[in-house]
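One structure below.
Below, chain A is the first sequence line, B the second, and so on; all start at residue 1.
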Number of protein chains: 2
Amino acid sequence: MRDRHPLDDLDRLLLALVQQDARRPLHELGDEVGLSPSAVQRRLTRLRRTGAIRAEVAVVAPEAVGAELTSLVLVALADDDPEHHAAFRARMRAEACVQQCYAIVGQWDYAVLLVTRDIAENRELSRRLFVSDFGVRRYETFPSSGAVKSGLTLPIEPG
Amino acid sequence: MRDRHPLDDLDRLLLALVQQDARRPLHELGDEVGLSPSAVQRRLTRLRRTGAIRAEVAVVAPEAVGAELTSLVLVALADDDPEHHAAFRARMRAEACVQQCYAIVGQWDYAVLLVTRDIAENRELSRRLFVSDFGVRRYETFPSSGAVKSGLTLPIEPG
DNA sequence: TCGCGCATGCAAAAATCTTGCACGCATCGG
DNA sequence: CCGATGCGTGCAAGATTTTTGCATGCGCGA
């Protein structure tokens, strides 16, 4: 969270590297950016502490764990009642199958990325998450027929 | 890719752990699942080799690198010409600002998650990516006013 | 029953990470 | 102008972690 430090080019370079592969040893990263292993180490710990690096995680293949169906669900709530929105958000955060959820502006209020075992589970989940309470007015599901690209790899430019 | 092995419960448990935090030492994971460090190690390398673990990456905070604006773009191509689709997909894969892109079924063909510095860059990018060539018929942009939940954390259940 | 494949634990060896220390460099105030 | 101070660095020792060889145990099929 705390971006006390403005991030210099070396920081950005390191971020670009570790967001591709977080397992590379410090001396390798060091070679690449022209820094000693310990300097790299200290920068990384600072980036972690300040929140520039949120986490270091393994990316699991959905098929490998039986998550065969990914779908995008657009949701519109019935009103702008903050309570309804808060409840909806909380529900999204709590539900494991909700991989991502963005509040969006336009004719829809939320975009939800749902990962489920199959169509049945998806439907069951939708029925549970997107109706009645939470003040959902309507929702529309777009099943994915395949991820063209998926990841959290941000574009990082110097400067 | 190769899911030669069916993944037992320990594998799933390990996946669930490392997808939360890929930096925990083997002996810690071992304690948690009841396995020696080397056994954990061998399972993890197998999971990597078979593709169940796609990558281990650092999750970078978008704001930290000047990516202030995330938006969802729904895209419909003009026709089902495989060439057009292939070209479009290639373009999506190539573009750094395209974080995610899913082929979807319904009134839209693709859902694209665009990460940009600001509205100007977003617009510039859209103009470049979603018109003329690639056979894009129309597209609609939904700027995100905040991520309720974002990550690649899959639900992993035993069995 | 025997043999084989496979996963495990253990322990040694290798690699990596961590940390204390001294130095260089820039900024700031006297 | 000059010394104090803060900050980041490299180096090297020490701690931790990862990797690997080896022997064992278990399940399954011949």
Test item: [X] and [Y] side chains (from C-beta on) under 4.5 Å apart, heavy atoms:
X: A/L74; Y: B/L74; answer: yes
X: A/W108; Y: A/R138; answer: yes
X: B/V59; Y: A/E56; answer: no

Measure from [atom1] on [X] to [atom2] on [N] and round the result to the nearest Å.
X: A/R23; N: C/dT16; atom1: CZ; atom2: C1'; value: 11 Å
X: A/L44; N: C/dT16; atom1: CG; atom2: C1'; value: 14 Å
X: B/E28; N: D/dT16; atom1: CD; atom2: P; value: 13 Å
X: A/L26; N: D/dA12; atom1: CG; atom2: P; value: 17 Å
X: B/L29; N: C/dT8; atom1: CG; atom2: P; value: 14 Å
X: B/R42; N: D/dT20; atom1: CZ; atom2: C1'; value: 8 Å
X: B/D8; N: C/dA7; atom1: CG; atom2: P; value: 9 Å
X: A/L7; N: D/dG8; atom1: CG; atom2: C1'; value: 15 Å

To the side chain of [X], which of [options] is closest?
X: B/P25; options: C/dC17, D/dG10, D/dT18; result: D/dT18
X: B/S38; options: C/dT8, D/dT20, D/dC11; result: D/dT20
X: A/Q41; options: C/dC17, C/dT8, C/dT18; result: C/dT18

Exercise. Looking at CG of A/L47 and CG of A/D11, how far apart are the two atoms once the value is rounded to the nearest 0.5 Å?
Worked result: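 Rounded to the nearest 0.5 Å, the CG-CG separation comes out at 5.0 Å.
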Is the phosphate of [N] approached by [X] (side-chain N or O, under 4.0 Å from OP1 or OP2)?
X: A/R24; N: C/dT16; result: no
X: A/R46; N: D/dC7; result: no
X: A/H27; N: C/dT16; result: yes

For this session: Just do the ring-ring contact (aromatic ring centres under 6.0 Å, His included) check on B/Y102 and B/Y110 with the steps written out, would you?
Result: CA-CA 6 Å; B/Y102 300 92; B/Y110 293 96; over 10 Å; no
